[in-house]
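Here is the structure we will look at.
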Amino acid sequence: MTQPTIVRITSDPIDLNALQRAVTTPHDGAVVIFTGTVRGVTGAERTEKLEYEAYAEMAIAKLRQVADEMRAKFALIHGIALIQRVGEMAVGEPTVAVVVSAGHRGDGAFEAARYGIDRLKQIVPVWKKETRPDGSSWVEGDYMPNRGD
């Protein structure tokens, strides 16, 4: 059975329906879709837009690494899509998508999607600039990569 894996850095809007179709095999009865979106308010601060940049070549390699890790940890999943958008995005737009298919909902698709987005945020070289009414700033992450990452 073919197990589709899609990894992509894109400046185009993320088409969740197309991703679901692309990762679903005839053996699947469950698809989990996680999307990160541009939040309009964080704490007391208002966000007008976000801008993402990536070191594309390395980001693709790291997305493949994340997909491989997902397959190693969750043996019953089938299809995987890991998509990171770059460029400017308005409030409410999807910035990232993790899509996982499996035969049944209990086959680890939820856990694999959670692992995928957490790991993507840890090791994929993507940077985020937040624009607020009082100016813009790059957002620092809190993860320090290990030698094995």
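Just so it is clear, the structure is predicted and the values come from calculations on it, not from any experiment.
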* To do: Indicate yes or no: at least one non-hydrogen side-chain atom of Lys129 is less than 4.5 angstrom from one of Ser137.
  => no

* **With Thr10 via side-chain hydrogen bond (donor to acceptor under 3.5 Å, both in side chains) - residues at least two apart** => none

* Structure fact -> Here the gap from Asp134 atom CG to Arg46 atom CZ, rounded to the nearest 0.5 Å, amounts to 10.0 Å

* Structure fact -> Here the gap from Ile60 atom CD1 to Gln84 atom CD, rounded to the nearest 0.5 Å, amounts to 10.0 Å

* Minimum-distance pair of heavy atoms, taken over all atoms of Ala54 and Ile9 -> CB-CG2, 4.3 Å

* Asked: Which ILVMFWY residues are connected to Phe110, directly or by a chain of links, through side-chain heavy atoms under 4.5 Å apart?
  -> Val32

* Structure fact -> Rounded to the nearest 0.5 Å, the CD atom of Gln65 sits from the CE atom of Met58 at a distance of 10.0 Å

* To do: Quick one: pull up CZ in Phe34 and CG in Leu82 and give me the separation to the nearest 0.5 Å.
  => 11.5 Å

* Asked: Within a radius of less than 6.0 Å around CZ of Arg132, do more than 12 heavy atoms belonging to other residues, nucleotides or ligands occur?
  -> yes

* Can you name the nearest heavy-atom pair linking Pro125 to Lys62, along with the distance? -> CD-CG, 4.0 Å

* To do: With sequence neighbours left out, write down each residue that passes side chain to side chain contact (heavy atoms under 4.5 Å, CB included) with Ala112, or none if nothing qualifies.
  => Met70, Phe74, Ile77, Val100

* Asked: With Glu51, which residues qualify under side-chain hydrogen bond (donor to acceptor under 3.5 Å, both in side chains), at least two apart?
  -> none

* Asked: Is any side-chain heavy atom of Lys128 less than 4.5 Å from a side-chain heavy atom of Trp138?
  -> no

* Structure fact -> Applying salt bridge (charged side-chain N to carboxylate O under 4.0 Å, His left out) to Glu53 and not counting sequence neighbours gives none

* Asked: Who are the salt bridge (charged side-chain N to carboxylate O under 4.0 Å, His left out) partners of Asp149, not counting sequence neighbours?
  -> Arg119

Throw together a table of side-chain donor-acceptor distances under 3.5 angstrom for residues 88-97, partners on residues two or more places apart or in other chains.
unit_1	atom_1	unit_2	atom_2	d
Glu88	OE1	Lys49	NZ	3.2
Glu88	OE2	Lys49	NZ	3.2
Glu93	OE1	Arg85	NH1	2.8
Glu93	OE2	Ala90	N	2.7
Thr95	OG1	Gly36	O	3.1

* Heavy-atom closest contact (Ala67 atom, Thr5 atom, distance) -> CB-CG2, 3.8 Å

* Is a side-chain donor-acceptor pair under 3.5 Å present for Tyr115 with Glu69? -> yes

* Partners passing salt bridge (charged side-chain N to carboxylate O under 4.0 Å, His left out) against Asp118 (at least two apart in sequence or in another chain) -> Arg114

* To do: Report yes if the side chains of Pro4 and Thr25 come closer than 4.5 Å at any heavy-atom pair, otherwise no.
  => yes

* Partners of Arg39 by side-chain hydrogen bond (donor to acceptor under 3.5 Å, both in side chains), sequence neighbours excluded? -> Thr42

* Asked: Got a sec, which residues hit salt bridge (charged side-chain N to carboxylate O under 4.0 Å, His left out) with Arg71, two or more places apart in sequence or on another chain?
  -> none

* To do: Please round to the nearest 0.5 Å and tell me the distance separating atom NE2 of His27 and atom CG of Asp107.
  => 13.0 Å

* **side-chain hydrogen bond (donor to acceptor under 3.5 Å, both in side chains) involving Thr37 - partner list, sequence neighbours excluded** => none

* Structure fact -> CG (Asn146) and CD1 (Ile123) are apart, to the nearest 0.5 Å, by 10.5 Å

* Report the hydrophobic cluster partners of Val31, with the cluster defined as I, L, V, M, F, W, Y residues connected by side-chain heavy atoms closer than 4.5 angstrom, directly or transitively. => Ile6, Ile14, Leu16, Leu19, Val23, Ile33, Ile83, Val99

* Asked: Does a donor on one side chain and an acceptor on the other come within less than 3.5 Å for Thr47 and Glu130?
  -> yes

